[in-house]
Amino acid sequence: MRDHDPLTRCDLTHYCHLQLKRHFAVGAGNGAKPGKTAQSFMVTILTIETSCDETAAAVVNDSLEVLGSVVASQENLHKKFGGVVPEIASRAHLENFLPVIDETLERSHVSLAEIDAIAVVNTPGLAGSLLVGLTGAKALALALDKPLIAINHLQAHIYACQIAFKTDVFPCVGLIISGGHSSLYRCDGPIDFTLLGGTIDDAAGEAFDKVAAMLGLPYPGGPSIQKAANNADYPGNPNAYAFPRSLLDDPDRIAFSFSGLKTAVRYHLVGPGKSIDPASVAAQLSKQEIADIAASFQEAAVDCLVAKTVQAMKCAFDTQSAHNTLCVGGGVAANARFRTKMEAAAKTQGFRLFIAPPHLCTDNAVMGAIAIERFKAGLFETLDLDIKPGLVR
Ligand code: KG4
Ligand code: ZN
């Protein structure tokens with residue numbers, strides 16, 4: 001595809017058709033393999049994830065085996081802007097889409113003809129990014145004559161626990177902590193979610209990203225803050241600064257708030273009403289101060305996440321209920337301090353805890369194995385399937 005072409009659905013569909021000819025005779029299949037029931041046969045699904053700034057694909061089967069997985073990160077493209085630039089993200093997805101699919105199939109030792117369904121994230125996320133994945137997935141489904149399955153990105157983050165621990169984690173309470181979401185769900189089944197509550201302002205990951213930017217630390221902010229807090233030469237003191245922990249004095253309210261915490265760090269750095277120049281702020285701070293601020297911020301954010309989740313577990317369910325299980329997914333769940341403190345809280349409170357392993361916390365297509373559940377339930381989409389961008393609040 002030529003550089004700087006306008007990003008249109010037609011372009012990508014046409015391009016996919018051309019590329020597909022390399023793989024097989026178009027139109028040979030007719031969806032699910034004949035003569036097999038959903039229970040008895042091995043289903044193999046190609047899952048596609050392009051909701052934000054990772055172009056990812058995976059091939060998974062109904063034994064939840066991952067045959068192959070590829071994640072093409074756009075980190076380097078967005079780094080200099082200190083956050084994801086939606087237009088850059090969608091253009092990069094367009095460039096990465098087919099190479100990522102090719103590489104995934106190669107690693108999986110599976111041909112497109114052997115795939116039973118194409119699954120793709122269509123909600124929530126950035127509009128342009130979702131559109132590239134969905135359009136590519138539709139083109140594949142149409143050309144291959146395979147069923148199309150919709151993936152909810154938030155449900156997939158929780159399903160990462162089912163895949164990683166290979167045990168039935170449902171029913172459970174699901175905590176999703178990512179760049180756009182900090183949400184608690186009652187999960188009666190893998191695709192049966194009811195929102196209990198979420199952030200009333202910033203998401204946890206957003207706060208990590210913005211505080212990192214204020215401190216002149218690179219994007220993505222979560223890993224940078226964690227690294228700065230754990231600096232081997234200048235270990236950060238998590239109690240150096242008493243940053244606020246919002247909403248914890250209201251145990252009946254299932255909600256998070258990180259905006260006040262973010263603002264408290266900003267006021268600590270430059271005071272109220274002043275604009276912030278990260279480069280000059282960072283230049284004025286010693287390595288020890290940066291480590292202490294990073295550690296104190298991280299501690300406050302983690303305390304909010306853990307304490308509020310414990311409150312929600314108590315508030316929503318008695319300890320004998322089937323929902324006495326917590327599953328956690330999303331990029332922030334990769335945070336080592338969060339994992340330690342959440343594990344300690346689960347032990348004290350007596351609930352079962354599954355936190356997705358770090359490589360399945362940040363965006364990936366393996367968690368798209370949730371599509372197997374939709375396949376088994378016969379939940380297929382027509383080519384009218386559209387994106388549902390934005391955040392779920
Ligand atoms: O789930 P994810 O990969 O993408 C979204 O769905 O948003 O989450 C990305 C977020 C970013 O805000 C990133 O800074 C944060 O997860 N993150 C972390 C860590 N690794 C990624 N936050 C804290 N500690 C980490 N180790
Ligand atoms: Zn995510």
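The residues of the chain are indexed from 1 along the displayed sequence. Counting starts at 1 for both ligands and their atoms, following the listed order. What you see below is based on every heavy atom in this structure, not just the backbone, and it leaves out hydrogens, waters and symmetry mates.
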Self-check item: Heavy-atom nearest neighbour of atom 17 (N) of ligand 1 within options Gly221, Pro358, Gly331, Ala334
Solution: Gly331
Quiz item: Between Ser108 and Glu106, does any side-chain donor sit less than 3.5 Å from a side-chain acceptor?
Solution: no
Quiz prompt | ligand 1-proximal atoms of Ala212, by part, heavy-atom distance under 4.0 Å | solution = neither
Self-check item: Atom indices of ligand 1, in the order listed, that fall short of 4.0 Å to a heavy atom of Gly205
Solution: 12 (O)
Exercise. Between Ser73, Gly179, Pro220, flag the one that comes closest to atom 7 (O) of ligand 1 by a heavy atom.
Key: Gly179
Exercise. Report yes or no: does a heavy atom of Ala336 sit under 4.0 Å from some atom of ligand 1?
Key: no
Self-check item: Per-atom contacts, ligand 1 versus His157 - under 4.0 Å to a heavy atom
Solution: 1 (O), 6 (O)
Exercise. Answer with yes or no whether the side chains of Gln298 and Asn335 bring together a donor and an acceptor at under 3.5 Å.
Key: yes
Quiz item: Going by atom types only, do Asp192 and Tyr185 share a side-chain donor-acceptor pair under 3.5 Å?
Solution: no
Practice problem: Report yes or no: do His93 and Thr55 form a side-chain donor-acceptor pair below 3.5 Å? | Solution: yes
Self-check item: Closest protein heavy atom to atom 24 (N) of ligand 1, given as residue, atom name and distance to 0.1 Å
Solution: Asn335 ND2, 3.1 Å
Quiz item: How far is atom 23 (C) of ligand 1 from its nearest protein heavy atom, and which residue and atom is that?
Solution: Gly222 CA, 3.4 Å
Quiz item: What atoms in ligand 1 come closer than 4.0 Å to a heavy atom of Cys361?
Solution: 1 (O)
Exercise. Compare every heavy atom of Ser178 with every heavy atom of Ala203, then report the nearest pair and how far apart it is.
Key: CB-O, 3.7 Å
Quiz item: When you look for heavy atoms under 4.0 Å from ligand 1, do you find them on the side chain of Asp209, its backbone, both, or neither?
Solution: side chain
Quiz item: To which protein heavy atom is atom 6 (O) of ligand 1 closest, and what is the distance rounded to 0.1 Å?
Solution: His153 NE2, 3.2 Å
Quiz item: Given His157, which of Asn152, Thr362, Asp363 fulfils the side chain to side chain donor-acceptor pair (under 3.5 Å) condition?
Solution: Asp363
Quiz prompt | Under-4.0 Å salt bridge between Glu299 and Lys341 | solution = yes
Practice problem: Check whether the side chains of Ser257 and Asp201 place a donor and an acceptor atom closer than 3.5 Å, and report yes or no. | Solution: yes
Quiz item: With atoms numbered from 1 as shown, which atoms in ligand 1 lie under 4.0 angstrom from a non-hydrogen atom of Gly180?
Solution: 7 (O)
Quiz item: Which heavy atom in Ser246 sits nearest to a heavy atom in Cys304, and how many Å separate them?
Solution: N-SG, 3.8 Å
Quiz item: Is the closest basic N to carboxylate O distance between Glu95 and Arg91 below 4.0 Å?
Solution: no
Quiz item: With side chains defined as the heavy atoms from C-beta onward, is the minimum distance between Val366 and Ser69 less than 4.5 Å?
Solution: yes
Quiz prompt | Nearest protein heavy atom with distance in Å, relative to atom 3 (O) of ligand 1 | solution = Asp363 N, 3.0 Å
Self-check item: Under 3.5 Å side-chain donor-acceptor pair for Asn230 and Gln226
Solution: no
Quiz item: Could you give all pairs that pass the ring-ring contact (aromatic ring centres under 6.0 Å, His included) test and reach residues 276-312, with sequence neighbours left out?
Solution: Phe208-Phe297
Quiz item: Taking N or O atoms only and a 3.5 Å limit, does Gln226 qualify as a polar contact for ligand 1?
Solution: yes
Exercise. Provide the protein N, O or S atoms situated under 2.8 Å from the Zn ion (ligand 2); waters are not included.
Key: His153 NE2, His157 NE2, Asp363 OD1
